[in-house]
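In what follows, a structure is listed as structure tokens, so that the remarks can point back to it.
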Amino acid sequence: MTMAQAATPVADFPSLEKALKHHFGYDEFRPGQRRVIEAALKNQDTLVIMPTGGGKSLCYQLPALLKIGVMVVVSPLIALMQDQVAGLQDNGIAATFLNSSLDGEALRQREAALLRGDIKLLYVSPERLQNLGFIQFLNNLSQTVGISGFAIDEAHCVSEWGHDFRPEYRRLHELRERFPQISLLALTATATERVRQDIAQQLRLRDPLVQVSSFNRPNLFYEVRPKGRDGYQQLLQQVRSQTGSGIIYCLSRKRVDELALKLTQDGESVLPYHAGLADEVRRDNQTRFIRDDVRLMVATVAFGMGINKPDVRFVIHYDIPRNIEGYYQESGRAGRDGEPAHCTLFLAYGDVATAEYLIGQKPDETEQRIARQQLRQMVDYAESTVCRRQIQLSYFGETLAGLCHQCDNCTNPPPIEDWTIEAQKFLSCVARCQERFGMMHIIDVLRGSKNQKVVNLGHDKLSTHGIGKDRSVEEWKLLGRSLLHQRFVDETTDGFPVLKLNAASWQILRKQLTVEVAVPKDIKPVETRSTTESVKFDNAPETVALLTELKALRKRLADQQSVPPYVVFHESTLKQMAQKRPKTLAEFGQLSGVGSRKLNQYGDAFLDVIHQFCADNGLPTQPISTSAAPPITLPSNTNQPQTFSSRPQPVGNTHRLTLQLFQQGHSIEAIAQERGLKPVTIATHLELLILNGESINLDALVPPARQSTIRQVLDTKETFALSDLRERLGDSYSFDEIRLVRADWQREQSSVSES
Ligand code: ADP
Ligand code: ZN
């Protein structure tokens, strides 16, 4: 028996939760994690099916730390191993990888460290496991240090039924044959039953624990927008209304290149990604995206698998995806950190036609049929007026109780209208034109066009000519599509779409069937709701400003170590810092996401920035509880709701003293000197007094002309953070001036919205 067989609950950790906090800084397990970890500790084979962002990695990482020996992790993308390993090392976890990028000396050193027992997790590519020399090494390892398990990441790659089949994965069952005593843990986000069964079979799993988690990702907001002729402008607007990193998916390489270029010309921070780019370029672009050197990735579906960036804040599908499963996986790359994120799909019927055309080019007829059906389901999803999440989850065999309230159809349901009369006009026009024409011609006739085609065909003489002048072309198109979608009329599919009546069409013409059409309103910007897991962020100006500083520190620390910023701390952890403003290392260690290693490594640096910020801004290091007054949302013309606390923190004696001195005519500097405080502290006192409605003569503090410039920027409501405001106003404006005018503006706004 090898040492790896002994399950070894480590005495230092009376509970798994303690180990979780110690190594990873998290307070509790996500659904399913504990069960899998317990099975892994008992050497049971396991098949883990969790959606992207569900927390699969932890399912083998924690057992790796608690068991004797090395956990061997098979991961498909060499380019990402380095970041995964860097992330673990940053948590103080001994991890390494072996791949073809290393030279002989580095390989030997790492192998030696493994054989000394210095490493707990080893990442390898599937190709490497086919190398006999490496198998020898594993044999040696299992007999000395021990192998605590094999974790197969992205396990759906073994299946031809999956969307990322990798022939190298096919041979992974050899692991089971060569190391029958070592348990296997297969992990995937693939939702289809067929692939799940295939994985268990292909890998020869033995009586595995199958852990299937819910595919509901409540932090993702789903919406579909019709893509008009100005689709690019819509996209640009969408991109600009979102904060943080985003991925934009397109159907072809050509469209990726075009779109990336356009966005760059419009000043966005963008890089392209598709299989046509040279390997180094692709790798480099990916790295720059992951490390936050560039904000947007415009990509084909070649991008994303295994990408471990947890803080992607939005995913946009600029073209219709090929199927629901693919769409779910791609959009699911948003918000892996559990924080709110946005998924937008743009729907244009021209794109559907292109996709159909591409399907028609496939040589195999069965393949074509399946692809067409999948595309149809995708279009149905996009056109549907019911809860998007209900459709997604039912596709994966899950039912959602009730509505999700996190999709466009839930938050902004389109009104259903009875368009039976219009449908009768439309269909009778199809009949009069002898079912030989496409939708645009029918609409021309309905709207009374006298274009050459209509006149030449004598269609201006038809009884239906001009009976539809009361509706716009767009409305007729909406109806036409809706009829097609509801199968109330058919369309030929040989590349020349001609409308054909079917049995349902005749029922409508005979008044036996009514026609309801969901008429989309102009979709209003919708707020993304926070989930329970995500930190409720108060958006108070100080919090936002401090967060900006903390992010800058995070980026500096990350760049020093050549790792992505999230490796240092996740966004949610930074938000907690900005909000709670911990004073001591002990308080800092309480934050979720701060484990013992990170506390030692980064605690001081972040505490310094927090202290300095508080000192500069005259803030106490603990913010006054905001729970008394819920934040109000300012009317905003952007998608980013900006909130302020409606009632500022109470005024204390120190503020009163400042007020008295100010009312006696002293300047900020004079008051500061008199009281032995910094001028900025006095300015924050005055800010608070203004917010509390005390009468302060603002003109004595900021000349009226400068006030009005500052107000103009505030009126755009695009940002309220001091640093951003100052960036827009220029260096000639001081933070104090901006702070004071902002307070006055804010007070006015809240009195407006309260009245
Ligand atoms: P998956 O591989 O399933 O897509 P990951 O393993 O990358 O997901 O985890 C997604 C994110 O969730 C990571 O940033 C990870 O650190 C975080 N995470 C995992 N488990 C927990 C937990 N128990 N509590 C909080 N965050 C977690
Ligand atoms: Zn919904």
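Values below: every heavy atom of this structure, side chains too, minus hydrogens, waters and symmetry copies. Just follow the structure's listing: the first ligand is 1, and inside any ligand the first atom is 1. Source: prediction; values computed, not measured.
- With Phe569 as the aromatic partner, Lys598 meets the cation-pi criteria of under 6.0 angstrom to the ring centre and within 45 degrees of the ring axis.
- Polar contact check, Leu20 against ligand 1: no nitrogen or oxygen pair lies under 3.5 Å apart.
- One option in Gly335, Gly593, Gly55 has a heavy atom closer to atom 8 (O) of ligand 1 than any other, and that option is Gly55.
- Heavy-atom contacts of Pro51 reach the following atoms of ligand 1: 3 (O) (cutoff under 4.0 Å).
- Asp90 and Tyr602 share a side-chain donor-acceptor pair at under 3.5 Å.
- Side-chain contact check for Asn99 and Ser101: at least one donor-acceptor pair (N or O, by modelled atom type) lies under 3.5 Å.
- Note: angle at the Zn ion (ligand 2), from SG of Cys410 to SG of Cys404, is 120° (rounded to 10 degrees).
- His22 contributes atom NE2, which lies 11.0 Å from atom CG of Leu599 (distance to the nearest 0.5 angstrom).
- Under 4.0 angstrom from ligand 1, the non-hydrogen atoms of Ser57 come from both its backbone and its side chain.
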(request) Dump the intermediate steps for salt bridge (Lys or Arg N to Asp or Glu O under 4.0 Å) on Asp198 and Arg196, then the final yes or no. (result) CA-CA 5 Å; Asp198 219 17; Arg196 293 176 194 171; over 6 Å; no

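- Proximity annotation for atom 24 (N) of ligand 1: of Tyr26, Phe29, Tyr60, Tyr26 comes nearest, heavy atoms only.
- Vertex the Zn ion (ligand 2); arms to Cys387 SG and Cys407 SG; angle rounded to 10 degrees, 120°.
- Of all atoms in ligand 1, numbered sequentially from 1 with element shown, those under 4.0 Å from a heavy atom of Pro310 are 14 (O).
- Atoms of ligand 1 found under 4.0 Å from any heavy atom of His570 (numbered from 1 in listed order, with element): 13 (C), 14 (O), 16 (O).
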(message) I'd like to know whether Asp559 forms a salt bridge (Lys or Arg N to Asp or Glu O under 4.0 Å) with Arg554, so could you lay out the CA-CA distance, the side-chain angles of the two residues, the decisive distance to 0.1 Å, and finally the verdict.
(response) CA-CA 9 Å; Asp559 286 348; Arg554 177 177 72 162; over 6 Å; no

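- With Lys120 contributing its side chain and Lys67 its backbone, the two residues share a donor-acceptor pair below 3.5 Å.
- For ligand 1 and Glu28, the ligand atoms under 4.0 Å from any heavy atom of the residue are 22 (C), 23 (N), 24 (N).
- Where the criterion is an N or O separation shorter than 3.5 Å, residue side chain and backbone included, Gly53 meets it with respect to ligand 1.
- No side-chain donor from either of Tyr222 and Arg217 sits under 3.5 Å from a side-chain acceptor of the other.
- For the ligand labelled ligand 1, residue Arg336 lies inside the 4.0 Å heavy-atom shell.
- Between Asp337 and ligand 1, a contact under 3.5 Å exists for no N or O pair.
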(message) If you apply the rule ring-ring contact (aromatic ring centres under 6.0 Å, His included), what do you find for Tyr273 with Phe303, and how did you get there?
(response) CA-CA 7 Å; Tyr273 188 103; Phe303 177 72; 4.8 Å; yes

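- Here is the list of ligand 1 atoms found below 4.0 Å of a heavy atom in Thr52: 4 (O).
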